[in-house]
Amino acid sequence: MKFQIITLFPEMFEGVFAHSMLFKAQDKGLAQFQLINLRDFGQGPRKTVDDSPYGGGDGMLLKVEPLHKAIDFAKNSNPDAKVILMTPRGQKYMQSQAREFSTESGLIIVCGRYEGYDERVAQFIDQSVSIGNYVLTGGEIPAMVLVDSVTRLIPGVLGGATSAEIESFADDITIEYPQYTRPEEYEGLKVPEVLLSGNHQAVESWRSQQSQLITKQLNS
Ligand code: 4FV
């Protein structure tokens with residue numbers, strides 16, 4: 001999977017891609033990350049990428065021309081990639097969407113800045129995605145959320161094959177059961193007996209029951 005990220009702040013991603021699972025995914029050749037600086041596609045000597053909104057209003061918008069050029073540049077090296085625009089106005093991001101994205105050959109992720117985008121950028125993208133109903137200063141953190149949640153689903157990236165299957169939100173709703181590790185007792189807090197019983201059927205039943213209970217509580 002090739003991720004191409006169009007951003008005004010590529011340096012924000014260096015730390016994220018240099019550590020943990022994302023680094024391992026690159027090292028294993030399971031994922032590639034290319035940072036594309038939107039500024040390189042800016043207009044005129046000052047490489048302008050933003051302008052004030054028609055009709056008035058506070059703040060600035062990202063101009064459509066630089067965005068279109070940057071998207072075309074990314075597509076040139078991966079014509080089958082899906083183009084995703086990060087915006088609060090997008091479709092609410094869920095685990096099922098992460099799973100869908102993990103089957104793509106490539107993703108081109110466009111990070112917003114300022115007050116948002118010229119609406120005409122919609123002609124050059126495949127999908128708008130929001131990580132939640134709140135407003136951030138940029139689309140870089142949402143892009144990191146998307147990259148992390150998708151990369152971990154790519155076969156071979158995580159250790160145990162099941163670890164990506166059992167987890168929370170596999171169906172966008174169900175929360176994973178509670179988990180414990182050593183010691184058996186900590187400050188009077190004991191690990192549930194069933195988990196120490198060695199009875200796998202009883203453990204599975206307890207876990208399923210706990211998962212249903214927690215999911216119900218969270219959604220009540
Ligand atoms: C956002 C979100 C988000 C809005 C203005 C960037 C900011 C600035 N992106 N999910 N929530 N973006 O808040 O994806 O352009």
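Remember, it's 1-based here, ligands and their atoms both numbered in the order they're listed. These numbers were taken from a predicted model, which means no experiment stands behind them.
Donor-acceptor pairing under 3.5 Å is lacking for the side chains of E100 and S96.
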Contacts under 3.5 angstrom, residues 34-43 side chains, donor-acceptor by atom type, not counting sequence neighbours:
{"residue": "Q34", "atom": "OE1", "partner": "Q4", "partner atom": "NE2", "Å": "2.8"}
{"residue": "N37", "atom": "OD1", "partner": "R39", "partner atom": "N", "Å": "2.9"}
{"residue": "R39", "atom": "NH1", "partner": "K47", "partner atom": "O", "Å": "2.9"}
{"residue": "Q43", "atom": "NE2", "partner": "E65", "partner atom": "OE2", "Å": "3.1"}

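Atom 13 (O) of ligand 1 has as its closest protein heavy atom L136 N, 2.9 Å. For atom 10 (N) of ligand 1, the closest non-hydrogen atom on the protein side is I131 N, 3.0 Å. Given atom 11 (N) of ligand 1, the protein heavy atom at minimum distance is Y134 O, 2.9 Å. Of the protein's heavy atoms, P88 N, 3.9 Å lies nearest to atom 2 (C) of ligand 1. The protein atom (non-hydrogen) at minimum distance from atom 8 (C) of ligand 1 is Y114 O, 3.2 Å.
Between R207 and E176 there is no salt bridge, since no side-chain N of the basic residue sits under 4.0 Å from a carboxylate O of the acidic one.
In the vicinity of R113, heavy-atom distances shorter than 4.0 Å reach the ligand 1 atoms 15 (O).
Scanning both residues, S211 and T174, for their nearest heavy atoms gives OG-CG2, 3.2 Å.
In this structure, N133 does not count as a contact residue of ligand 1, since none of its heavy atoms falls inside 4.0 Å of the ligand.
Residue E115 has no N or O atom closer than 3.5 Å to an N or O atom of ligand 1. Looking at V135 next to ligand 1, no N or O pair under 3.5 Å apart turns up.
In this structure the side chain of E115 never reaches within 4.5 angstrom of the side chain of M60, judged on heavy atoms. Taking 4.5 Å as the limit, some side-chain heavy atom of I131 sits within range of a side-chain heavy atom of L136.
Judged as a ring pair (Phe, Tyr, Trp, His ring centres under 6.0 Å), not a single pair has a partner in residues 82-113 (not counting sequence neighbours).
Contact annotation: for T87 versus ligand 1, heavy atoms closer than 4.0 Å belong to the backbone alone. Under 4.0 angstrom from ligand 1, there are no non-hydrogen atoms of L62.
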